[in-house]
Amino acid sequence: MNFYRRKKIYKFLLFLIATLIIVTSLLYTHWLATNIAEKERNSVSEWAEATKQLSLPQNDSLQNLNFLLNVIQHNTDIPIIQTDSALRVITAINIRYTEKNKDQVLKRKLKQMIREREPLRIDVSEKETQYLYYHDSEVLRRLKFFPVIQIIIISVFIMIAYFAFSASRQAEQNQVWMGMSKETAHQLGTPISSLMAWKELLKMEGVRPELIMELEKDINRLIKITDRFSKIGSAPELVMADIIPVITSTVSYLRNRTSPKIKFNLKFDRSHPCCVPHNPILMSWVFENLCKNAVDATGGEGIITIDLTENEDQLFIDVSDNGKGIPKSQFKIVFVPGFTTKSRGWGLGLPLVKRIIENYHRGKIFLKHSEVNIGSTFRIVLNHYSR
């Protein structure tokens, strides 16, 4: 559990760092855009003052004219429209238009500038007033979109990195699963062969038949487990058959090996077949794992219920118990390898179940419902037809 707590802390720290980067970028860009906007307004104010000075009769010296013209011509990127008091366009600079669409473009731009900000007033004379309308330069407009572009790029990069890491981790996990399974099946082969030889020797020694029979059951069980592990990592053969015998045989095996205080309640009609494509050996493993988890959850005393419902396309199998339940905070990690609520356990049972159902049978399994001290229900969804 400490691993998952640390994982949550790491996720929170990464989210916090990403948020700080984005907020810092937004604040800096806003500050930069505000400064540029202020400088552009000052430039337009100088442009307005120069225009006013040019209209005065005392500014007829060549030096003054050159200075004022330089101020006006210095602006090469801020779109400006100069109008009279009746909003008739006098001058327009840094606005793209052709002779054909000049009036239409300037009219549209003027409306846009009027909506954006207050104009600068130029008192040319006591009777004549002109106005300067402008909006942000191309550089400033691009700068305002920069944080959005930056966030998109960072988000795309994070998504690509996350999916690449997830795919790599999944491939690595698959290799570990297959390697462990094959090695387990291989290692079980030797003791099974030895047990079979001991069984024959015990028969020859005249050991009671009922003891030999129980030994045979356990040997057959080991053979079945070996077969299960050998199938992990390779595509299992699915057969269209009734799944009820798989459930009943698994429950029958577990019933004789669990506490008599555990009651198995099979809420389905055994005479009505439920045919779905499945691998009986692997599906038996699924029900065994789910039932064993339910037994552990009840503490050796309780009720385990298996219920079947179906429609035209799918079969629904619910495995429920009245045990200690699972907190909502753990709903999303119950199928994560290594997660376990038991003091002794590897946390591999439910991940294995999920792999068998979803990877090999193209079905679904999820925690349908759970309440602390009330119980849990896991639902398996299988398709009636192979897809």
Side-chain angles (χ1 to χ4, degrees), residues 1 4 214 217-218 221-222 224-225 228 242-272 274 276 278 280-310 315-358 361 363-382:
M1 292 301 296
Y4 292 100
E214 289 301 319
K217 288 182 180 178
D218 288 330
R221 185 67 182 172
L222 287 172
K224 183 181 289 187
I225 292 172
R228 288 173 177 175
D242 184 10
I243 201 171
I244 289 179
V246 176
I247 299 174
T248 55
S249 63
T250 303
V251 170
S252 177
Y253 175 82
L254 293 173
R255 185 181 279 124
N256 296 329
R257 286 162 176 78
T258 55
S259 169
K261 295 180 180 180
I262 295 292
K263 180 183 177 182
F264 288 90
N265 184 18
L266 304 183
K267 294 178 62 177
F268 51 84
D269 184 3
R270 301 187 188 189
S271 63
H272 177 68
C274 294
V276 289
H278 69 281
I281 294 175
L282 293 181
M283 287 305 300
S284 175
W285 204 357
V286 167
F287 294 118
E288 183 179 325
N289 272 309
L290 291 176
C291 289
K292 283 184 175 180
N293 282 349
V295 170
D296 292 334
T298 58
E301 182 177 357
I303 300 173
I304 299 172
T305 303
I306 301 179
D307 189 15
L308 272 65
T309 55
E310 60 182 331
L315 172 67
F316 306 96
I317 307 171
D318 291 341
V319 181
S320 307
D321 64 70
N322 61 344
K324 59 184 179 181
I326 300 172
K328 287 187 177 180
S329 61
Q330 298 176 358
F331 276 22
K332 294 183 179 180
I333 59 175
V334 292
F335 292 102
V336 175
F339 171 79
T340 180
T341 58
K342 294 176 283 189
S343 58
R344 292 184 179 182
W346 291 95
L348 297 177
L350 286 177
L352 181 62
V353 166
K354 184 177 180 70
R355 180 176 292 269
I356 291 173
I357 294 296
E358 297 188 356
H361 290 80
K364 293 180 181 178
I365 181 169
F366 54 90
L367 181 58
K368 181 183 177 183
H369 177 75
S370 185
E371 291 185 42
V372 176
N373 298 324
I374 299 296
S376 304
T377 299
F378 285 89
R379 166 160 284 191
I380 297 172
V381 182
L382 297 175

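The side-chain heavy atoms of I304 and V295, taken from C-beta on, include a pair separated by under 4.5 Å. Counting only heavy atoms from C-beta outward, the side chains of L350 and L290 approach each other to under 4.5 Å. Side-chain contact check for I247 versus L308: some heavy-atom pair is nearer than 4.5 Å.
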Decide yes or no on side-chain hydrogen bond (donor to acceptor under 3.5 Å, both in side chains) for S370 and S376, but give the supporting numbers first. CA-CA 4 Å; S370 185; S376 304; 2.7 Å; yes

side-chain contact (heavy atoms from CB on, under 4.5 Å) evaluation trace for N293 with V353: CA-CA 11 Å; N293 282 349; V353 166; over 6 Å; no

Check against side-chain contact (heavy atoms from CB on, under 4.5 Å), F287 and Y253: CA-CA 11 Å; F287 294 118; Y253 175 82; over 6 Å; no

Take I357 and M283 through the test side-chain contact (heavy atoms from CB on, under 4.5 Å) and record every step on the way to the result. CA-CA 8 Å; I357 294 296; M283 287 305 300; 3.8 Å; yes

Take N322 and T298, measure what side-chain contact (heavy atoms from CB on, under 4.5 Å) needs, and give me the verdict at the end. CA-CA 6 Å; N322 61 344; T298 58; 3.6 Å; yes

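Distance check, rounded to the nearest 0.5 Å: CD1 of I380 to NZ of K368 gives 12.5 Å. Atom CD1 of I317 and atom CD1 of I365 lie 9.5 Å apart (nearest 0.5 Å). Put simply, CZ on F264 and OG1 on T248 are 12.5 Å apart, with the number rounded to the nearest 0.5 Å. Here OG of S284 is found 10.0 Å from CD1 of I243. Values are rounded to the nearest 0.5 Å. Here the NZ atom belonging to K217 is positioned 6.5 Å from the CZ atom belonging to R257, to the nearest 0.5 angstrom. Distance check: T250 OG1 to K292 NZ gives 10.5 Å after rounding to the nearest 0.5 Å.
Side-chain contact, S320 with T377: a donor N or O sits under 3.5 Å from an acceptor N or O.
Between the side chain of D242 and the backbone N or O of C274, at least one donor-acceptor pair lies under 3.5 Å.
For K263, the side-chain contact (heavy atoms from CB on, under 4.5 Å) partners are I303, not counting sequence neighbours. The side-chain contact (heavy atoms from CB on, under 4.5 Å) test applied to K328 returns F331, not counting sequence neighbours.
Test V276, L315, L382 against E310 for side-chain contact (heavy atoms from CB on, under 4.5 Å) and you get one pass: L315.
The shortest non-hydrogen separation linking D307 to K267 is OD1-O, 2.8 Å.
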